[in-house]
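Note sheet for the following structure.
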Amino acid sequence: MTGRPVRTLLLWCPDWPVIAAEIVDGVPATGPVAVLHANRVVACSEQARAEGVRRGLRRREAQGRCPQLTVVDHDPGRDARAFEPVVAAVEEVAAGVEVVRPGACALAARGPARYFGGEEAAAERIVEQVAQACAVESQVGVADGVFAAGLAARAGQVVPPGGTPAFLAELPVEALGRPALADLLRRLGVRTLGDFAALPTGDVLARFGFDGALAHRLAAGRDDRPLAVRQPPDDLAVTADHDEPLDRVDAAAFAARALAEQLHDRLAAHGLACTRLGIEAVTAHGQELHRVWRHDGLLTAAAIADRVRWQLDGWLSGSTGRAGARPARPTAGIVRLRLVPDGLLTRSGLQAGLWGEAGEERERAHRALSRVQGILGPEAVVTAVLGGGRSPADQTHLVPWGDERLPARPGPPPLPGEPVERPGGVLPPAVPPPAVASTGVPSAGVVPGGVSPAGGSAAGVASTGVAPVGASSAGLVASGGGSAGVPGRAGRAGRAVAAGNPVPPWPGRLPPPSPAVVLPTPLAAAVHDAAGEPVVVSARLAVSAPPARLTVGSAAPAEIVGWAGPWPVDERWWAPAEARRRARFQVCLADGAALLLAVEAGRWLVEAIYD
């Protein structure tokens, strides 16, 4: 560390976390906005500062100073993504950019200064470029070293060569960005960077350690850290402009095939392949169209051409008829077509089958469904993804065909030694197998989870060997006044259900297997006992009488020959507006049908049907 500091030009975007929130999330940065991390303000807008909001304030104090304050959570990923176009704009006029942090980037000042005729001219040109390309305000500082250039950028100043130590000498020690060190230095009487730089180097190292010695070098203007120049990503997208607008599908498909082969050759030259393809089109009237296609294998040249042709067919064959039929056709032909590869990986990342391409039938189905999506949109073809949840409706999530099959809610983790694993959940080894009901039919084959004989009591349900997940096998009433298995307040009673898994996931969920049909809208029903009185479930899960007859809507009553339950669920009790308390029953009718019932606020509902 004996070289001279490099003459550095640093671009700084004030209040970048706020600007990034406006770019990504649409939060208006012209109003009072504050970005919070760990309940403290890390950045705020200019109007918020005018109302007294400052960095480091707690959330409540900041909102007390500005009641109209818009609070945004700190997201470093969002800041970095929003800053990428700014860095790309700087790279269009100057090479060798280092991203210091989201909102600040630095580069050697020598090249731009010689090209634009001076450091001030280079600074003005870069600020103008960022404003025109990204509509973002920025400031540029030039000094010896990245640290001094960053402080100069906040003042919009160009420090003359050799004048960096004098520029830093008058700044307070808080400019080092080390609050603990700055507080200690002030208590020792060191208030400016000049005072700190005047201390002997050996004494600083012995008293403050290595980090203090590094801060001492920065305060003295001896920042000789080389710039970590980033390598700009290769532009792998391909574009084709057409003088004559393409308004016929065959002409557009012919142009798309040549463009697809060009993209495939460009990726192959870099040893890459893509698993997602962005198709962009611009019409003669300026209308912009965009669609992303996904694929679970390598996109070959033929596969790329097919997807582009399908998408162009969907766009150019659109209908202007009734809403919901097909997307409207563009008002003019396509004059620009662009293919953007995404999801890049090396060609060795995915391999074909042992005897050639595997899954030909699946590939044909994928091509057909993808073509339907190209015509009707991605939401026209959906597939079910199983996840976690307490009810069958919560455990199923529909995603568009080709998208990542990620569950909306995390599913239960696998249990060691589990004998049964079904889409609806996991049956722990600690739960004994279902007993045979009095009807002589194994309850697992009639009503999943076991069926108690008609006329049995709530305590008799547990005696069949079928205990709801989260409930103790001794009974269904918790000693603390709440239901066993109720998450949160009464969930402690169900923590010893599964051996080897002290905290079972999703307490109160139904045991497997899952129902075959989940009704989108539950059907209103009525349950009566043998005497014709309505069956009521108390807050302590006590059933007033064994269920005997079920009436669904205006249908004739059906006899209940077996039942199991209740499975209690008490969700979001801490939020009164979202609180939901219900109990579920499984019933078997005389005609062999098996249903999943739920009682909530005294109302019986039919939620699902077992096969």
Side-chain angles (χ1 to χ4, degrees), residues 9-91 97-107 123-143 146-158 171-180 182-183:
L9 184 150
L10 189 140
L11 179 134
W12 172 63
C13 299
D15 307 326
W16 181 252
V18 177
I19 302 300
E22 180 182 36
I23 295 174
V24 177
D25 299 332
V27 180
T30 55
V33 181
V35 179
L36 271 68
H37 177 63
N39 207 36
R40 289 187 179 272
V41 178
V42 296
C44 58
S45 62
E46 183 177 357
Q47 185 172 350
R49 284 192 295 271
E51 297 289 338
V53 180
R54 295 293 184 269
R55 293 181 58 184
L57 290 181
R58 292 187 177 274
R59 178 188 185 124
R60 181 170 297 181
E61 184 177 356
Q63 291 178 331
R65 296 185 180 186
C66 180
Q68 299 82 18
L69 186 67
T70 301
V71 176
V72 180
D73 291 334
H74 180 51
D75 186 356
R78 176 189 61 204
D79 299 347
R81 291 192 303 270
F83 192 59
E84 179 63 24
V86 176
V87 179
V90 175
E91 287 177 337
V97 179
E98 173 194 350
V99 179
V100 180
R101 62 182 179 277
C105 60
L107 65 153
E124 294 176 359
R125 180 66 183 88
I126 292 176
V127 170
E128 181 182 1
Q129 171 68 15
V130 171
Q132 292 178 352
C134 307
V136 172
E137 295 183 359
S138 59
Q139 298 179 196
V140 170
V142 183
V146 178
F147 173 71
L151 297 178
R154 295 179 177 272
Q157 183 176 351
V158 176
L171 298 178
V173 292
E174 286 77 11
L176 291 170
R178 294 165 169 83
D183 180 69

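Since this is a predicted model, take the numbers as computed values, not measurements.
Without hydrogens or angle criteria, Gln157 side chain to Ala152 main chain gives no donor-acceptor distance under 3.5 Å. Within the 3.5 Å criterion, the main-chain N or O of Ala104 finds no donor-acceptor partner in the side chain of Trp16. Judged by distance alone, with hydrogens and angles left aside, the side-chain atoms of Gln139 form a donor-acceptor pair with the main-chain N or O of Arg154 at under 3.5 Å.
The two atoms that bring Ala153 and Leu10 nearest to each other are CB-O, 3.7 Å, heavy atoms only. Of all heavy-atom pairs between Pro28 and Glu22, the closest is CA-OE2, 4.2 Å. When all heavy atoms of Cys13 and Ser138 are compared, the pair lying nearest together is SG-CB, 4.0 Å. Contact between Val130 and Val136 at its shortest, heavy atoms only, is CG1-O, 3.7 Å. Nearest heavy atoms, Trp12 versus Arg101: CD1-NH2, 4.1 Å.
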Output, in order, the C-alpha distance, side-chain angles, deciding distance and verdict of side chain to side chain contact (heavy atoms under 4.5 Å, CB included) for Arg178 and Val173. CA-CA 9 Å; Arg178 294 165 169 83; Val173 292; over 6 Å; no
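When side chains are defined from C-beta on, Val140 does not count as touching Glu124, because their heavy atoms never get closer than 4.5 Å. Side-chain atoms of Leu11 and Val86, non-hydrogen and from C-beta on, do get closer than 4.5 Å to each other.
For Arg81, the CZ atom is densely surrounded, since the number of other residues' heavy atoms within 6.0 Å is greater than 12.
Within the model, atoms CG of Leu107 and CD of Glu91 stand 9.5 Å from one another, a figure rounded to the nearest 0.5 Å. One distance of note links CG of Leu151 with CG of Leu171; it measures 6.0 Å at 0.5 Å rounding.
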Let me check something: any side-chain donor-acceptor pairs from residues 35-51 under 3.5 Å, sequence neighbours excluded? List them with distances.
residue : atom : partner : partner atom : Å
Arg40   : NH1  : Gly56   : O            : 2.7
Ser45   : OG   : Gly31   : O            : 2.7
Ser45   : OG   : Val33   : N            : 3.0
Ser45   : OG   : Ala48   : N            : 3.4
Arg49   : NH1  : Asp15   : OD1          : 2.9
Arg49   : NH1  : Asp15   : OD2          : 3.2
Arg49   : NH1  : Cys44   : O            : 2.9
Arg49   : NH2  : Asp15   : OD2          : 3.0

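A search for salt bridge (Lys or Arg N to Asp or Glu O under 4.0 Å) contacts involving Arg125 returns nothing, not counting sequence neighbours.
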